[in-house]
2 protein chains.
Amino acid sequence: MAANDFIPIPKMTVTMDYDPYETLCQDCRLVELCLPYGLPKTELEQFETIVKNKAPLLTDQYLYQQDEKCQSLFVVKTGSFRSFIYSEDGAEQTIGFYLPGELMGFDAFQHGRFTSSSIALETSKVCELPLSQLNKLCRLIPSLQSQMLRVLGKEIESDHNQILLLGHRSAKEKMATFLLRLSHRYNALGFSKTEFNLTMKRQDIANFLGITNETVSRLLAELNHQGIITINRRNVKINNMDSLKVIVE
Amino acid sequence: MAANDFIPIPKMTVTMDYDPYETLCQDCRLVELCLPYGLPKTELEQFETIVKNKAPLLTDQYLYQQDEKCQSLFVVKTGSFRSFIYSEDGAEQTIGFYLPGELMGFDAFQHGRFTSSSIALETSKVCELPLSQLNKLCRLIPSLQSQMLRVLGKEIESDHNQILLLGHRSAKEKMATFLLRLSHRYNALGFSKTEFNLTMKRQDIANFLGITNETVSRLLAELNHQGIITINRRNVKINNMDSLKVIVE
DNA sequence: GTTAACAATTGATTCATATCAATAAACGAT
DNA sequence: ATCGTTTATTGATATGAATCAATTGTTAAC
């Protein structure tokens, strides 16, 4: 049976060597994906001085909560996060999942308070960027300023893609897109693009895609049955990337 | 019959007195909603110098197109716009509608090219903000810089709300939310919040909400039948705001 | 190790909304 | 005014995904 073929993979796929006293962006393997990307050495050193270390967060611990005052932005260093908003009727909608190198907290720019909550999906570490200092630095370093806008533009573009996905795709297309996007992001981080562990529950995926967890289960089972993926609990192997691409068109 | 009860309303609901030589933000009635909101007089005068006039756009004229190089941001001055992205299969997804005072073009920040297209829904006028000059000015005027981030944050928050709407709402809830949001925005512009003309087609609304135009028609007819709204072609009267709010919960 | 709580799977049924199809109304052009 | 085109309405039917419900597998706690 397929389930026995798995080479065990440690559960925290996206955890890197971690030194608690490490704050140097220069040595961070994520620097190419992160906010200070492309800064000359001198400016990078300036940037490093404002980055604050934060104690690692455990699974289900909040990084920040909706309506809380926003003092800092956060970059995922290791692990992963889920962000979500509460709607008026108390139900929650998952807005996004965050992997290393990705920034969180932009939604607070309008009123200075987070409009979403963010919760760790596994033991995770973030770099904290205090806004007051970040703003000052942006004024001093024009290229940091443009980099900031670039990252904001990326966030907006990715939100637009999510709108497209939710508005115009069948459950199957949503599921395939989800897997392909994850694959792509893991790959950008230097991990395998064909095998990774999902750090979120089926329910989280379902909520994110605007479908039910039963549908997620069924679709994953179907893809598994067709041999396009091999899935065992949270472990995913993509056997046929092209078939997934055909599904999303 | 209800159709006879309508007081004719000029078709362009959101058109203001327009002087082709007018570029002064100081005298613009939208200044409170626009990017330079809150700037002291001297800074506002600086800002005015970079605002470019652009010839009015006619219905169905593109303001910009997807993949085109982005040189400027745009603010709607009069009229309205629809922005949309093409998906890989060629179908389009409407991302948003833009009314006076609202900024367009942020999605281009990541790579310098528009990731969406924007098209005029009626004869419309925009203010053009050349990016090169805007960036320089942001460095000179810190409060413009924060205002810029605030507006970006607003865009992100509104995208998140759209994700919530598309992911977790029934067609009826989507329709009611759409009407309430329009009402709210028209009201902020100083127009009636109970009576306005839709500047977009049923098909555009449907596409925006991730439903079909037939469903839009049926839902509007149902709301009309229940007396919650009175609708005749593009003209909407909201008779019972609370009922709409109950529908969206 | 055993049990309780949680997470995921799988099946049966229902329902909301899409799809297909046919008019009808409005608008622009001649 | 009239005709053709576009836009909107309305009805009949089909269907994808939700809901309801029952198990099974996994993890954490004692």
Side-chain angles (χ1 to χ4, degrees), chain A residues 1-4 6 8 10-12 58-60 82 91 94 121-123 165-176 178 197-225 229-236 247, chain B residues 1-4 6 8-12 58-60 82 91 94 119 121-123 165-176 178 197-225 229-236 247:
Chain A
M1 201 202 139
N4 299 325
F6 281 97
K11 205 169 174 187
M12 265 171 255
L58 304 176
T59 307
D60 288 336
R82 176 174 77 92
T94 296
L121 289 168
E122 56 189 311
T123 305
L165 189 69
L166 291 172
H168 281 264
R169 298 299 176 198
S170 69
K172 196 169 182 178
E173 290 167 335
K174 287 175 179 178
M175 195 69 244
F178 179 75
N197 283 319
L198 301 171
T199 57
M200 69 295 284
K201 305 179 208 168
R202 299 284 190 273
Q203 178 56 51
D204 294 335
I205 300 173
N207 186 291
F208 179 60
L209 296 177
I211 55 183
T212 60
N213 51 357
E214 291 96 329
T215 299
V216 169
S217 248
R218 277 186 252 267
L219 289 171
L220 288 176
E222 188 190 339
L223 290 172
N224 185 65
H225 183 73
I229 65 171
T230 308
I231 186 152
N232 188 284
R233 301 305 268 182
R234 302 276 180 101
N235 181 285
V236 182
I247 292 171
Chain B
M1 200 199 139
N4 300 322
F6 281 96
I9 286 189
K11 204 170 176 189
M12 267 171 255
L58 304 177
T59 307
D60 289 336
R82 176 174 77 93
T94 296
I119 203 169
L121 289 168
E122 58 191 310
T123 305
L165 189 69
L166 290 171
H168 281 265
R169 300 299 176 197
S170 70
K172 197 170 180 177
E173 290 166 335
K174 287 174 178 178
M175 196 67 245
F178 179 75
N197 283 319
L198 301 171
T199 58
M200 70 293 285
K201 304 178 208 170
R202 299 285 191 272
Q203 179 55 52
D204 294 335
I205 299 174
N207 187 290
F208 179 61
L209 296 177
I211 55 182
T212 58
N213 51 358
E214 292 96 328
T215 300
V216 168
S217 247
R218 276 187 253 269
L219 289 171
L220 289 176
E222 189 191 337
L223 290 171
N224 185 65
H225 184 72
I229 65 171
T230 308
I231 186 153
N232 188 282
R233 300 304 270 182
R234 303 275 180 102
N235 181 283
V236 181
I247 292 171

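Values reported hereafter were calculated over all heavy atoms of this structure, with side chains retained and with hydrogens, waters and symmetry mates removed. In what follows, every chain begins at residue 1, and chains take the letters A, B, ... in the order their sequences are listed. Because the structure is a prediction, the values reported are computed rather than measured.
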Side chain of Glu214(A) only, heavy atoms from C-beta on: which candidate in dT19(C), dA8(C), dC20(D) is closest?
dC20(D)
Rounded to the nearest 0.5 Å, how far apart are NZ of Lys174(A) and CG of Leu165(A)?
6.5 Å
Toward the 5' end of DNA chain D, by each residue's nearest nucleotide, Leu219(A) or Ser217(B):
Ser217(B)
Is any side-chain nitrogen or oxygen of Arg202(A) closer than 4.0 Å to OP1 or OP2 of dT9(C)?
yes
Side chain to side chain contact (heavy atoms under 4.5 Å, CB included) assessment of Asn224(B) paired with Leu220(B):
CA-CA 6 Å; Asn224(B) 185 65; Leu220(B) 289 176; over 6 Å; no
Under 3.5 Å, is there an N or O donor on one side and an acceptor on the other linking the side chain of Arg218(A) and the base of dG16(D)?
no
Checking contacts here: which listed nucleotide (dT10(D), dT19(C), dA8(C)) is nearest the side-chain heavy atoms of Thr212(B)?
dT19(C)
Taking only the side-chain nitrogens and oxygens of Thr215(A), find out if one of them lies under 4.0 Å from OP1 or OP2 of dA18(D).
yes
Let me know the distance between CG of Asn207(A) and P of dA18(D), rounded to the nearest Å.
12 Å
Ignoring backbone atoms, establish whether Ser170(A) has a side-chain N or O less than 4.0 Å from OP1 or OP2 of dG16(D).
no
Touch class at under 4.0 angstrom, heavy-atom based, for Leu220(B) against every strand present
nothing
Taking atom types as they are modelled, would you say the side chain of Gln203(A) forms a donor-acceptor pair with the base of dC6(C) within the 3.5 Å cutoff?
no
Between NZ of Lys172(B) and P of dC15(C) the distance, given in whole Å, is 16 Å
Are any of Arg234(B)'s side-chain N or O atoms less than 4.0 Å away from OP1 or OP2 of dA8(D)?
yes
